[in-house]
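Quick note: residue numbers are just sequence positions, from 1. Heavy-atom basis, side chains included; hydrogens, waters and symmetry copies ignored.
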Amino acid sequence: MTGHLAYAMGSPCPTLVLDAGRLPRDEAALLAHLARARGHLVSAGGANVLKIALIEPSAHPMFDLDYRFVQTLPGVPDRFDLHGSCGHSILSAVLAASRSGMLPRLVPKARIRVRVLNNGDGVVCEVDRVERDGAGFTISFVQQPPAPFGDLLPDGRTRTVLRTGGDRTEVSLVSGANAYAFVDARRLGVPDQEALFTAGDELLGRLESLRGAAADRLGRPRGGAFPKIAAVLPAAEEGIAARAVTVPGWHPSIALTGLVCLGTAVRIPGTVPWRIARENGTGAGRVEVVTPGGRTAVTAVTSVSGTADGGGALLWATVARKDVTYQGSIALTSLDNLRFEEVAPCLALSEAA
């Protein structure tokens with residue numbers, strides 16, 4: 001079986017893209033085969049590749065590609081979390097699908113519609129440009145039908161107090177593309193953007209403890225990858241400064257789904273990001289976000305500004321200028337013994353003859 005590797009700028013690692021149609025449908029069998037693929041990848045020097053995208057042509061008439069995200073949780077043995085999504089991996093999957101022939105060749109202004117099987121999201125990837133080894137995209141997470149603000153608050157409120165040890169910390173739990181806990185970094189003793197971006201293991205440990213408490217609140221396993229967490233505060237100049245945690249440590253920038261979720265949270269009155277955005281005049285339309293990896297932006301479009309108790313709804317959220325590089329293919333010989341559904345009957349007839 002052949003896997004494809006692609007890297008979206010801003011991601012902590014490349015994504016291994018596999019043809020879902022050539023893998024078992026049963027989840028236990030699927031995870032066993034992914035463990036074998038992961039072992040092969042590690043032996044080939046790819047231990048840093050912790051993201052897997054499973055793709056196939058969509059069975060839904062409104063979409064081009066069905067996508068399922070798998071987050072590797074490194075350990076002995078490796079474990080996997082299938083409860084969330086990854087925007088960087090979606091773009092990597094689209095590029096790999098075009099290179100493998102699953103999708104037509106990408107051209108500028110083409111729109112690839114992706115159905116995220118993990119959470120039901122609909123994602124539109126518009127091609128801005130195509131280069132020899134990659135492509136540039138604008139990506140939109142589209143809500144069909146529009147998502148009321150109340151449905152984007154998995155704890156049912158705009159702010160929640162989490163207990164970690166003897167501390168009580170206010171966060172906002174928001175679900176947009178992925179579930180996130182957003183905390184005002186100043187509540188953790190971090191005064192400004194510079195201090196946030198240079199903080200080390202002490203802040204990382206506090207955020208990981210808060211993430212565990214958020215997982216408890218949402219009924220998720222503490223040892224999984226979701227929900228995510230990010231510390232935010234007003235940027236030194238325009239926008240919001242954010243520092244996020246990923247598997248297994250600090251994110252080099254912020255997850256694309258985290259950017260979408262942050263932009264969504266800014267539009268929901270009463271959340272931590274909503275309050276921070278208004279400290280420096282951010283909030284309506286395009287939101288500038290500064291991370292240790294640079295500056296980016298997100299635009300969340302809502303039906304009305306509304307209130308968190310039902311007045312507004314999210315229509316879509318868009319992030320532009322996302323570059324993806326195709327890194328090549330890898331022969332996963334550990335999966336060569338798989339008999340794919342479409343050829344197994346033919347093989348059986350051949351062997352009987």
Side-chain angles (χ1 to χ4, degrees), residues 2-21 41 46 48-58 60 62-71 85-118 121-142 177-178 246 251-260 263 286 289 291 293-299 316-331:
T2 300
H4 299 269
L5 292 167
Y7 176 71
M9 292 297 294
S11 176
C13 69
T15 294
L16 173 66
V17 183
L18 301 175
D19 185 342
L41 196 62
N48 66 311
V49 180
L50 300 177
K51 299 178 181 292
I52 302 174
L54 309 179
I55 61 170
E56 60 186 324
S58 182
H60 194 294
M62 291 185 64
F63 296 94
D64 303 297
L65 200 67
D66 280 352
Y67 159 93
R68 191 179 190 188
F69 177 63
V70 182
Q71 175 69 59
S85 180
C86 175
H88 287 122
S89 290
I90 291 173
L91 293 176
S92 295
V94 168
L95 181 60
S98 72
R99 293 303 179 98
S100 70
M102 186 177 291
L103 289 175
R105 182 179 178 182
L106 298 179
V107 295
K109 297 187 178 180
R111 288 181 174 179
I112 309 302
R113 294 165 174 82
V114 180
R115 180 170 64 157
V116 181
L117 301 183
N118 304 74
D121 276 354
V123 180
V124 179
C125 305
E126 182 170 354
V127 182
D128 297 325
R129 68 181 187 285
V130 179
E131 299 174 350
R132 178 177 179 181
D133 296 321
F137 294 91
T138 293
I139 184 170
S140 298
F141 290 73
V142 182
N178 268 330
T246 187
H251 198 290
S253 55
I254 187 170
L256 206 161
T257 53
L259 188 60
V260 167
R286 177 185 170 99
V289 180
T291 75
R295 181 178 287 271
T296 185
V298 58
T299 302
W316 68 82
T318 296
V319 179
R321 302 192 306 273
K322 298 303 298 186
D323 295 332
V324 188
T325 302
Y326 182 71
Q327 297 187 325
S329 60
I330 179 171

Engineer: Are any non-hydrogen side-chain atoms of S89 and Y67 less than 4.5 angstrom apart?
Structural biologist: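 Answer yes - side chains close enough.
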Engineer: Hey, is the main chain of C86 close enough, under 3.5 Å, to the side chain of N178 for a donor-acceptor pair?
Structural biologist: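 Judged by distance alone, no pair lies under 3.5 Å.
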Engineer: Hey, are D133 and T325 close enough side-chain-wise for a donor-acceptor pair under 3.5 Å?
Structural biologist: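 Judged by distance alone, the side chains do not pair up.
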Engineer: Between atom CG of L103 and atom CG of L65, what is the distance when rounded to the nearest 0.5 Å?
Structural biologist: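 Nearest 0.5 Å value for the CG-CG distance: 5.0 Å.
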Engineer: Is any side-chain heavy atom of C125 closer than 4.5 Å to one of I90?
Structural biologist: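 Sidechains of C125 and I90: in contact.
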Engineer: Has R111 got more than 12 heavy atoms of other residues, nucleotides or ligands less than 6.0 Å from its CZ?
Structural biologist: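 No, the 6.0 Å shell around CZ holds no more than 12 heavy atoms from other groups.
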Engineer: Taking G136's backbone N and O only, do any of them form a donor-acceptor pair with D323's side chain (distance below 3.5 Å, no angle check)?
Structural biologist: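 Looks like no, no N/O pair under 3.5 Å.
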Engineer: Do K322 and H88 touch side chain to side chain, with heavy atoms closer than 4.5 Å?
Structural biologist: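 The answer is yes, as the side chains (C-beta and beyond) meet within the 4.5 Å cut-off.
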Engineer: V130 versus V107: any side-chain heavy-atom pair under 4.5 Å?
Structural biologist: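 No, every pair of side-chain atoms sits at 4.5 Å or beyond.
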Engineer: Rounded to the nearest 0.5 Å, how far apart are CD1 of I55 and CG of D66?
Structural biologist: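 These two atoms lie 10.0 Å from each other.
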Engineer: Mind checking whether L16 and I330 have side chains closer than 4.5 Å, heavy atoms only?
Structural biologist: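 Answer yes - side chains close enough.
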Engineer: Check whether any side-chain N or O of D64 sits under 3.5 Å from a backbone N or O of I112 as a donor-acceptor pair, and report yes or no.
Structural biologist: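 No: the side chain of D64 does not pair with the backbone of I112.
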Engineer: Do H251 and S253 have side-chain heavy atoms sitting under 4.5 Å apart?
Structural biologist: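 Heavy-atom side-chain distance check passes, below 4.5 Å.
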Engineer: Once you round to the nearest 0.5 Å, how far does CG of L41 lie from CG of L5?
Structural biologist: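 Reported value, rounded in 0.5 Å steps: 6.5 Å.
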Engineer: Taking the side chain as every heavy atom from C-beta outward, state whether F141 and L256 have any pair of such atoms under 4.5 Å apart.
Structural biologist: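 F141 vs L256: side chains touch.
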Engineer: So V116 and F69, do their side chains get closer than 4.5 Å, heavy atoms only?
Structural biologist: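 Result no, sub-4.5 Å side-chain heavy-atom pair not found.
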Engineer: So how far is it from C13 SG to L50 CG, rounded to the nearest 0.5 Å?
Structural biologist: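 It comes to 5.0 Å.
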Engineer: Considering only residues two or more places apart or on different chains, which pairs with a residue in residues 87-110 satisfy salt bridge (Lys or Arg N to Asp or Glu O under 4.0 Å)?
Structural biologist: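 Applying salt bridge (Lys or Arg N to Asp or Glu O under 4.0 Å) to every pair that reaches into residues 87-110, excluding sequence neighbours, yields nothing.
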Engineer: Show the nearest heavy-atom pair for residues S98 and P104, with the distance to one decimal.
Structural biologist: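 Smallest heavy-atom distance, with atoms named: CB-O, 3.7 Å.
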Engineer: Say you draw a straight line from CZ of R68 to CD of E56; how long is it, rounded to the nearest 0.5 Å?
Structural biologist: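 So the CZ of R68 and the CD of E56 are separated by 10.5 Å.
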Engineer: Go through the structure and list residues passing ring-ring contact (aromatic ring centres under 6.0 Å, His included) with F63, not counting sequence neighbours.
Structural biologist: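 In terms of ring-ring contact (aromatic ring centres under 6.0 Å, His included), with neighbours along the sequence ignored, F63 is linked to H60.
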Engineer: Look only at the side chain of T257 and the backbone of A177, and say whether a donor-acceptor pair between them is shorter than 3.5 Å.
Structural biologist: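 Between the backbone of A177 and the side chain of T257 there is no qualifying donor-acceptor contact (under 3.5 Å).
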Engineer: Do the side chain of K51 and the main chain of P14 share a donor and acceptor less than 3.5 angstrom apart?
Structural biologist: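 A pair under 3.5 Å: no.
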Engineer: Please check this pair: side chain of T291 against backbone of G293, looking for a donor-acceptor N/O pair closer than 3.5 Å.
Structural biologist: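 Checking the backbone N and O of G293 against the side chain of T291, a donor-acceptor pair under 3.5 Å is found.
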